[in-house]
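We're numbering straight along the sequence, starting at 1. Just so it is clear, the values below take in all heavy atoms, side chains as well, and ignore hydrogens, waters and symmetry mates.
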Amino acid sequence: MRLFWALVARFHQPAQVITTVFGVTVLLGTALLSSPLATSSGKPADWLTALFTATSAVCVNGLTVVDTATHWSAFGEVVIAVLIQVGGLGIMTLATVFTLLVSRRLGLRARLSAQAETKVLNGSDLRRVVGKVVVFNLTCEAVVGTVLTLRFVLGYGEPVGRGLYLGLFHAVSSFNNAGFALWPDSLVRFAADPWVCLTVATAVIVGGLGYPVVFELRRSWRRPGRWSLLTRITLTVTTVLLAGGTLVFLVTEWTNPRTLGPMDGQGKLLAAFFTAVMPRSAGFNSLDITQMHPSSWLITELLMFVGGGSAGTAGGIKVTTLGLLTFIVWAELRGESRVNIGHRRLTEAAQRQAVSLTVLSVGLVALFTYVLLVLTPHSLDRVLFEVVSAFGTTGLSVGVASVVSPVAQVLLTLLMFIGRIGPLTLGSALALKERTRRYELPEEDVIVG
């Protein structure tokens, strides 16, 4: 562990550390999945399939180019589950915990690196916070795994060992918003089962809220007036997106004979809610995505692009970014010089970060969509869906990733990595040094619009 932090010390910014360590983890996962032990056939997987799957697992994405249940052996599935756990919990969080257990000491650079990974606003209590993150993560996965195991064993007649294996794997996959499933149709066979669907959906929501929000709710859930701005925005935007998404899917897919059409009213509501939750960043699906109307694809793309909460296991630009952009636009429409949210004033740094992150994200999605349109014969709607899913670390697919050329798969792999690390984090990691301007230039207005 001292060697690890010695290597960390060679970098100038925590963002560089996070990017490098995630990259190394992907390479290690690729090597393990390339082993003959990792495939059900006993033959080594080709490097691109192993790389794509390892990246998808570490980046808690869920996009696959082969069927997880049939292509990989038990060893390969365990490797995928471990990569999901490591990626979801955070490389730097795990390294910090191990360092604390070994030496009970934590250097300043290590604290800054772990603080950047866990999005802790105050680094003074980092040791306590990281411990809580790990305990909370493992506890939630244990609860979800227990419920799913009981359901698989008692409701579907699975042997106890197999039921436990399925329960734990999907608990890790759902809480970390990964979306890897051990059935070829994901969770379509459980579309009308509230025990499976609601358990998985709850795990996805809780894991995607973000640790700061969850911890604050646990401390003062009875006193909403004391909630921080982060918690209020996260909960409000999350509720609006879940409710709005459920309503839209009910309306657009109600009579679709290939999705909600054959179900009764309760089944339609459950499936629509599940379909609204999954684009937060989890790639499970209880409806056949390829059979949904194009209008439903568009809403799914918007939900995938937004993602979940900050400092959680979800991807996307985050619900907090969407909330901040809404208030920024509202303040501009009202002609106000400051952005006020409730009884708080939003800092200019937060405004710049929200706008920059959104602009960079839109640009990345547009760029990769264009390139993949040139490289593949697929239509715009299918390519855009796959690109947004890769960037938002969602994993929902309309079948493009598994049939495109190797070059296109490499591009999707790169986009998954960028989506997990974050455009701003990656940009900061690539910067050799930060520049501080020691003077101010004269102002000049520019006509906008």
Side-chain angles (χ1 to χ4, degrees), residues 15 18-20 22-27 29-30 47-66 83-84 87-88 176-180 278-283 289 297 300-308 313-318 321 356-430:
I18 297 170
T19 303
T20 302
F22 264 87
V24 171
T25 305
V26 168
L27 295 179
T30 302
W47 71 271
L48 184 54
T49 298
L51 174 65
F52 192 99
T53 305
T55 304
S56 183
V58 173
C59 298
V60 289
N61 189 296
L63 275 180
T64 58
V65 293
V66 294
L83 293 177
I84 292 171
N176 290 290
N177 281 220
F180 280 87
M278 292 307 110
R280 289 179 56 83
S281 190
I289 301 296
W297 283 9
T300 303
E301 289 163 359
L302 294 175
L303 293 174
M304 290 191 298
F305 184 75
V306 174
T313 54
I317 64 171
K318 311 299 185 183
T321 303
S356 300
L357 176 59
T358 305
V359 172
L360 282 173
S361 300
V362 171
L364 282 171
V365 169
L367 175 62
F368 277 81
T369 300
Y370 171 78
V371 174
L372 288 178
L373 281 174
V374 174
L375 296 176
T376 67
H378 298 285
S379 58
L380 173 61
D381 55 351
R382 289 181 174 272
V383 171
L384 179 61
F385 191 100
E386 215 80 1
V387 168
V388 175
S389 180
F391 171 78
T393 69
T394 306
L396 294 174
S397 177
V398 290
V400 173
S402 59
V403 297
V404 294
S405 65
V407 175
Q409 289 183 3
V410 170
L411 290 176
L412 287 174
T413 302
L414 176 62
L415 186 58
M416 287 190 293
F417 187 82
I418 295 174
R420 176 63 177 102
I421 301 300
L424 288 182
T425 302
L426 184 60
S428 177
L430 295 176

Shortest non-hydrogen separation from [X] to [Y] and the atoms involved:
X	Y	result
Arg420	Gly87	NH2-O, 2.6 Å
Ala401	Phe52	CB-CZ, 4.2 Å
Gly29	Ala54	C-CB, 3.7 Å

[X] vs [Y] side-chain heavy atoms within contact, under 4.5 Å:
X	Y	value
Val383	Phe368	no
Val404	Leu372	no
Leu364	Val387	no
Phe385	Ile289	yes
Trp297	Val398	yes
His378	Val403	yes
Asn61	Thr394	no
Glu301	Leu384	yes

If I take atom [atom1] from residue [X] and atom [atom2] from residue [Y], how far apart are they, to the nearest 0.5 angstrom?
X	Y	atom1	atom2	result
Thr300	Met278	OG1	CE	12.0 Å
Leu414	Met416	CG	CE	9.5 Å
Met304	Phe391	CE	CZ	11.5 Å
Thr413	Ile418	OG1	CD1	11.0 Å
Leu48	Gln409	CG	CD	4.5 Å

Candidate pair Thr53 and Thr64, rule side-chain contact (heavy atoms from CB on, under 4.5 Å), full reasoning: CA-CA 6 Å; Thr53 305; Thr64 58; 5.6 Å; no
Would you confirm whether [X], through its side chain, and [Y], through its main-chain N or O, come within 3.5 Å as a donor-acceptor pair?
X	Y	answer
Ser397	Gly399	yes
Ser402	Val65	no
Thr369	Val365	yes
Ser361	Ile317	no
Trp47	Thr30	no
Thr55	Leu51	yes
Ser56	Leu63	yes
Asn176	Ala178	no

Any donor-acceptor N or O pair under 3.5 Å, side chains Ser281, Thr393: yes
